[in-house]
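Notes follow once the structure below has been shown.
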Amino acid sequence: MPELPEVEVTRRGIDEPLRGAQVLALRLGKALRWPLGVAPEALVGSRLLPVQRRGKYLWLPVVPGPQGGCGGGLLLHLGMSGSLALQPADTLPGAHDHFDLVTTQGTLRLTDPRRFGAVVWSPSIADEPASRLLAALGPEPFDETLTPATFHAALQRHRAPVKAVLLSGRIVVGAGNIYACEALHEAGIHPATPCERIGPQRAARLLQALRETLARAIALGGSTLRDFRDVHGMSGAFQQHARVYGREGQACPRCGAAVRRIVQGQRATYYCAACQRR
DNA sequence: AGTTAAACCTGGTTGC
DNA sequence: TGCAACCAGGTTTAAC
């Protein structure tokens with residue numbers, strides 16, 4: 001599921017309600033991608049600080065509270081099928097609920113059928129294991145120090161297909177399969193174009209297209225193909241506005257040609273062969 | 001070093 | 001109806 005917009009929608013949904021809450025308990029269900037890395041009891045009494053996002057990760061920092069607990073944070077990833085919800089009451093976990101953070105202001109619950117998601121304790125975002133997981137991430141798409149010029153320079157260092165490099169997050173984080181396809185369509189760039197062959201003009205266009213696509217998706221509450229829900233259980237609406245993703249055979253909204261589906265790096269790519277140029 | 005395939009896991013959909 | 005094959009918002013790991 002969750003690409004940057006879905007993760008950001010989630011962050012915005014949990015930040016306010018949980019701010020200043022004290023941890024009452026941690027509950028673990030079936031194993032996620034990695035072990036938690038801390039004894040759940042160690043966090044009891046800790047207070048939550050504002051929730052941050054880095055790429056598709058959420059960082060929930062905590063500090064020791066009056067009744068104890070420790071300082072550090074939880075690094076969360078929603079994987080392919082994860083979503084977070086705030087449980088008002090103490091409801092029982094379902095079959096796909098694998099992590100509960102019980103607090104004085106409600107229970108934060110991770111639901112993740114496929115269990116590609118992760119919840120990992122780290123003493124800080126700059127220490128292991130968080131630092132290792134975040135080490136290879138490129139800049140945030142809305143970071144002002146990411147300019148058309150630096151973006152173009154980064155593209156020049158790769159010859160792999162631009163779609164694959166966008167997905168890798170090494171040049172800019174946040175785009176997954178949906179938004180990589182959509183941004184490339186918006187920019188008029190063929191997904192198989194080698195990065196090194198993208199000139200400064202088109203690089204600038206791609207960066208702008210990516211930013212606009214992600215911003216629009218956030219405003220629409222993200223995309224829900226199947227699993228994604230915001231913290232109130234609501235679906236996203238972006239998928240209804242997608243121009244190429246999941247629309248094989250349909251008319252390209254810009255030029256009317258049929259949208260094509262190919263496979264790149266084991267992932268489906270949707271694009272318009274008429275108005276996206278190599 | 002950069003690029004690509006395999007692996008992780010579950011469930012819904014498609015096709016025979 | 002049943003069952004196998006295929007598909008899905010991601011990322012790490014190992015292998016060219």
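Proteins get letters first, then strands, A, B, ... in listed order; numbering begins at 1 in each.
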| query | Thinking salt bridges, do E140(A) and R53(A) make one under a 4.0 Å N-O criterion? | reply | yes
| task | Figure out the CD1/P separation between I178(A) and dG10(C), and round it to whole Å. | result | 7 Å
| Separation of F228(A) atom CZ from dG10(C) atom P, in whole Å? | 13 Å
| Which pair of non-hydrogen atoms, one from P2(A) and one from G79(A), has the smallest distance, and what is that distance? | CD-O, 2.8 Å
| said: If I pick the P atom on dT11(C) and the same atom on dG12(B), what distance separates them, to the nearest angstrom? | reply: 23 Å
| Taking C-beta and beyond as the side chain, do H96(A) and D112(A) meet within less than 4.5 Å on heavy atoms? | no
| Atom P, compared across dG11(B) and dT12(C): separation rounded to whole Å | 24 Å
| request: Give me the residues of residues 30-37 of chain A where at least one heavy atom lies under 4.0 Å from an atom of DNA chain C, by number, or none. | output: R33(A), W34(A)
| Is the shortest heavy-atom distance from the side chain of L146(A) to the side chain of R211(A) under 4.5 Å? | yes
| task | May I have the distance from R132(A) (atom CZ) to dT12(C) (atom C1'), rounded to whole angstrom? | result | 10 Å
| Salt bridge E182(A)-R243(A), side-chain N to carboxylate O under 4.0 Å | no
| note | All heavy atoms of A175(A) vs all of L210(A), minimum pair found to be CB-CD1, 3.8 Å
| Separation of dG10(C) P from L166(A) CG (nearest whole Å) | 12 Å
| message | Base, sugar-phosphate or nothing for R114(A)? Non-hydrogen atoms, less than 4.0 Å. | response | base
| note | Paired with H77(A), the ring pair (Phe, Tyr, Trp, His ring centres under 6.0 Å) test is passed by just one of W59(A), F116(A), Y57(A), namely Y57(A)
| Working for side chain to side chain donor-acceptor pair (under 3.5 Å), residues D127(A) and S122(A) | CA-CA 7 Å; D127(A) 286 316; S122(A) 193; over 6 Å; no
| message | Just the rounded figure in Å: distance from C1' of dA8(C) to CZ of R261(A). | response | 10 Å
| Between E8(A) and R12(A), does at least one N-O distance fall below 4.0 Å, as a salt bridge requires? | yes
| task | Grab the CG-P distance between D227(A) and dA8(C) for me, whole Å please. | result | 14 Å
| query | Between A164(A) and R226(A), which has a closest nucleotide on DNA chain B that is more 5'? | reply | A164(A)
| said: Just the rounded figure in Å: distance from P of dT11(C) to CG of L75(A). | reply: 12 Å
| remark: The first and last nucleotides of DNA chain B lying within contact of chain A, meaning any atom under 4.0 Å from one of its heavy atoms, run from dG2(B) to dG12(B)
| query | In which stems does DNA chain C show up, taking only runs of three or more Watson-Crick or G-U wobble pairs whose two distances fall under 3.5 Å? | reply | B:2-8 with C:10-16, B:10-16 with C:2-8
| message | Taking any heavy-atom pair under 4.0 Å as a contact, classify F238(A): base, sugar-phosphate, or nothing. | response | nothing
| Working for ring-ring contact (aromatic ring centres under 6.0 Å, His included), residues F238(A) and Y179(A) | CA-CA 10 Å; F238(A) 182 92; Y179(A) 303 115; 5.1 Å; yes
| query | Between the side chains of D97(A) and T111(A), does any donor sit under 3.5 Å from an acceptor? | reply | yes
| task | Evaluate the side-chain proximity of I178(A) to L225(A): yes if any heavy-atom separation is below 4.5 Å, no if none is. | result | yes
| said: Measure NZ/K163(A) against P/dG10(C) and give the value in whole Å, please. | reply: 9 Å
| task | Could you tell me whether L167(A) contacts a base, only the sugar-phosphate backbone, or nothing, with contacts defined as non-hydrogen atoms closer than 4.0 Å? | result | nothing
